[in-house]
Amino acid sequence: MPPEADVARLTVAAIIPTKNRASLLAGIVERLLAQTATIDELVIVDQSDTDDGRVAVRRVLEAAPASRRPALDHVWDRAINGAAAARNVAFDRARSDVLLCVDDDMEPAPDAIERLLAHLIAVPHLAAVTPVITNYEAPALAHRLVSTIFFCGPFRDDRQPVYWRGAGQRERLVEVGMLGAGMIAIRRSALADIRFDARYRGASLGEDLDLSWALRARGGTLAIATDAHVIHRKAPRPASRHEEAMLTSWGFVYAKHQPKTLANRLAFAWFVTGVATTAAVAALRARSLTPLRSVRAGLFNIRHDYSRCSFLTPPTAPTVDATGAPGSRRHNLVV
């Protein structure tokens, strides 16, 4: 059971970015309404081509008891580009004590929000907390060895061992250096004016690192609640090499957030060496230069201000205004 606390003392705004997935959107809204902790606000930022999602959400709310219906703010704006920008819009609109970002492909346990809120109440300095993903598949031993050897200092992803151990951990709250944005409860007072970087667009990578490091720079503590559980039904994506994405996403947040001390420079060089080494092994096994080309593409992005990156807006191009660009089509629906 979660720590004993009056979770009603904290109001909650559930924030859902979505695009062209009306059935998934309806599903996550149903799960949120069935939580043991009541949702006060539901802020949906919908980038879909049609308003099918709005119709689906209204049906779910109409079927729910009046006492369980949150205030709905449904923003339908096709000009918003990506989940990071969508969450920024919601951050500026929600008014609750806790901002709960949750993607439409997440399946939280019925008591997940109650447990997250209990931890936020019990630990006042806790800035943000996520549940543990219970269907996370641990990578192969070789991958874990590479991570242990090459990813050091700020590049060590300390979330991964927590996910590998799954739900059967004794420690209820594990402090980590970074959190995933798929489902994350953020204390409004800790967030303040922090937002996702406006350069992130589309199906971006690394925006969770960007937000995590910004919160930590303000002195916030981040943690994973192992007694709060969620399943991530990640949609299949086209097969692609990962080296470019890894170098680009980590390189961007490193350049933005980390001081360029000798230790950090060496850690970054060692990180690049690890990615290149695994790519070379993959190239030998596949008898293909594709993995090495992926490394080269990632290094090109780092050296040329990410001008060819698929998920970062080039600095010379106009960026989408996450607070509402002039001329954008927006429909505000309040229930």
Residues two or more places apart in sequence or in another chain: which of them pass side chain to side chain contact (heavy atoms under 4.5 Å, CB included) with Leu292?
Ala279, Ala280, Ala283, Leu289

Residues that Thr134 engages under side chain to side chain contact (heavy atoms under 4.5 Å, CB included), provided they are two or more places apart:
Val132, Ala167, His229, Ile231

Are Arg87 and Glu207 close enough for a salt bridge, meaning some N to O gap below 4.0 Å?
yes

Within the side chain of Asn88, is there an N or O that forms a donor-acceptor pair under 3.5 Å with the backbone of Phe196?
yes

Would you mind reporting whether Asn301 and Ser307 have side-chain heavy atoms less than 4.5 Å apart?
no

Are any side-chain N or O atoms of Thr226 and backbone N or O atoms of Glu171, one a donor and one an acceptor, separated by less than 3.5 Å?
yes

Can you check whether Glu243 reaches Pro291 side chain to side chain, under 4.5 Å on heavy atoms?
yes

What I want to find out is whether Arg159 reaches Asp157 closely enough, with some N-O distance under 4.0 Å, to be called a salt bridge.
yes

Please enumerate all residues that pass side chain to side chain contact (heavy atoms under 4.5 Å, CB included) together with Pro110, with sequence neighbours excluded.
none

The residue among Val129, Thr221, Leu173 that forms side chain to side chain contact (heavy atoms under 4.5 Å, CB included) with Val123 is Leu173

Pair Arg195 + Asp210, salt bridge at N-O below 4.0 Å
no

List in chain and number order the residues that pass ring-ring contact (aromatic ring centres under 6.0 Å, His included) with Phe252, two or more places apart in sequence or in another chain; answer none if no residue qualifies.
Tyr200, Tyr306

Going through the distances and angles, do Leu247 and Phe271 end up as a side chain to side chain contact (heavy atoms under 4.5 Å, CB included)?
CA-CA 9 Å; Leu247 292 173; Phe271 168 79; 4.0 Å; yes

Is the backbone N or O of Lys19 less than 3.5 Å from a side-chain atom of Gln47, with the two atoms forming a donor-acceptor pair by type?
no

Just checking, any donor-acceptor pair under 3.5 angstrom between side chains of Ser48 and Arg78?
no

What do the steps show when you test Cys152 against Trp270 for side chain to side chain contact (heavy atoms under 4.5 Å, CB included), and what is the final call?
CA-CA 8 Å; Cys152 306; Trp270 192 236; 3.9 Å; yes

Thinking salt bridges, do Arg233 and Asp105 make one under a 4.0 Å N-O criterion?
no

Counting distance only, does the side-chain N/O of Asp73 pair as donor-acceptor with the main-chain N or O of Val43 below 3.5 Å?
no

Minimal heavy-atom distance between Leu179 and Asp208, with the atoms involved, is O-CB, 3.2 Å

Write down the atom of Gly298, the atom of Thr248, and the distance for their closest heavy-atom approach.
CA-OG1, 3.9 Å

With a 4.0 Å cut-off, would you call Asp46 and Arg54 a salt bridge?
no

Basic-acidic side-chain contact under 4.0 Å: Arg187, Asp97
no

Under the ring-ring contact (aromatic ring centres under 6.0 Å, His included) test, which residues partner Tyr254, sequence neighbours left out?
Phe155, Phe268

With no hydrogens and no angle check, is any side-chain donor or acceptor of Arg144 less than 3.5 Å from a backbone partner on Pro139?
yes

Contacts satisfying salt bridge (Lys or Arg N to Asp or Glu O under 4.0 Å) that involve residues 30-42 (not counting sequence neighbours) are Arg31-Glu107

